[in-house]
Amino acid sequence: MKYLLLVCEDPTAEPYRREDDDIETWVATTHDVRVVGERLRPIAEARTVRVRGGELSVTDGPYAEVGEQIAGFDVLECDSFDQAVEVASRHPMARFGRLVVREAWPFEDGTTLLE
């Protein structure tokens, strides 16, 4: 099963410390379940796209006015939700950010866009 980790900033969490938060080690130790992952450009460079009544609206910035913003993502291939949560718990952002774990929802024919 595939799981998406949304890597989120959290202004109320402990501060980032390079010596304690080594993403390279996490990536190296999850190569057996990690399919892909990237950090994202700063939220100030984002655009929000909407189409309402056939009219396109593009605005600068995030889709929500909150302190927590999506900073990156990872896709995991795990045997269970519990395994995905365990892998996420070892991600450095679990300490100084937040990780949202979501299972991919296959289409009726059993496929996902992540295949």
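Since the model is a prediction, treat every value here as computed from it, not as a measurement.
Using a 3.5 Å distance cut-off with no hydrogens or angles, the side chains of D82 and S80 do not pair a donor with an acceptor.
Atom CG of D79 is surrounded by 12 or fewer heavy atoms from other residues, nucleotides or ligands within 6.0 Å. Around atom CD of E19, more than 12 heavy atoms belonging to other residues, nucleotides or ligands sit under 6.0 Å away.
Nearest heavy-atom pair, H31 versus A28, reported as atom, atom and distance to 0.1 Å: CD2-O, 2.9 Å. G97 and A13 get closest at one heavy-atom pair: N-CB, 4.1 Å. Nearest heavy atoms, A94 versus A88: CB-O, 3.7 Å.
Paired with D10 under the rule side chain to side chain donor-acceptor pair (under 3.5 Å), one option of R95, Q69, R98 passes, and it is R98.
V7 is not listed as a side-chain neighbour of F73, based on a closest heavy-atom distance of 4.5 Å or more.
The structure places CG of D22 at 13.5 Å from CZ of R17, a figure rounded to the nearest 0.5 Å. A distance of 9.0 Å separates CZ in R102 from CZ in F81, rounded to the nearest 0.5 Å. With rounding to the nearest 0.5 angstrom, the CG atom of L4 is 8.5 Å from the CG atom of L76. Distance check: L99 CG to R90 CZ gives 12.0 Å after rounding to the nearest 0.5 Å. With rounding to the nearest 0.5 Å, the separation of CG in D21 from OH in Y16 is 6.0 Å. Atoms OG1 and NE2, from T30 and H91 in turn, are 8.0 Å apart once rounded to the nearest 0.5 Å.
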Exercise for the section: Dump the intermediate steps for side chain to side chain contact (heavy atoms under 4.5 Å, CB included) on W26 and V87, then the final yes or no. Expected result: CA-CA 9 Å; W26 182 83; V87 171; 3.8 Å; yes
Practice task
I would like to know whether C8 and V100 meet side chain to side chain contact (heavy atoms under 4.5 Å, CB included); could you show each step before the answer?
Solution key: CA-CA 8 Å; C8 303; V100 177; 4.3 Å; yes
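When the salt bridge (charged side-chain N to carboxylate O under 4.0 Å, His left out) test is applied to E103, no partner is found at least two apart in sequence or on another chain.
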Using a 3.5 Å cut-off and no angle test, enumerate the donor-acceptor pairs between side-chain atoms of residues 34-41 and protein atoms at least two apart in sequence or in another chain.
from	atom 1	to	atom 2	distance (Å)
R34	NE	D74	OD1	2.7
R34	NH2	G37	O	3.2
R34	NH2	D74	OD1	3.1
R41	NE	E45	OE1	3.0
R41	NH2	E45	OE1	3.4
R41	NH2	E45	OE2	3.0

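Put simply, M1 and W105 are part of two different groups of oily side chains (I, L, V, M, F, W, Y) that touch within less than 4.5 Å, one to the next.
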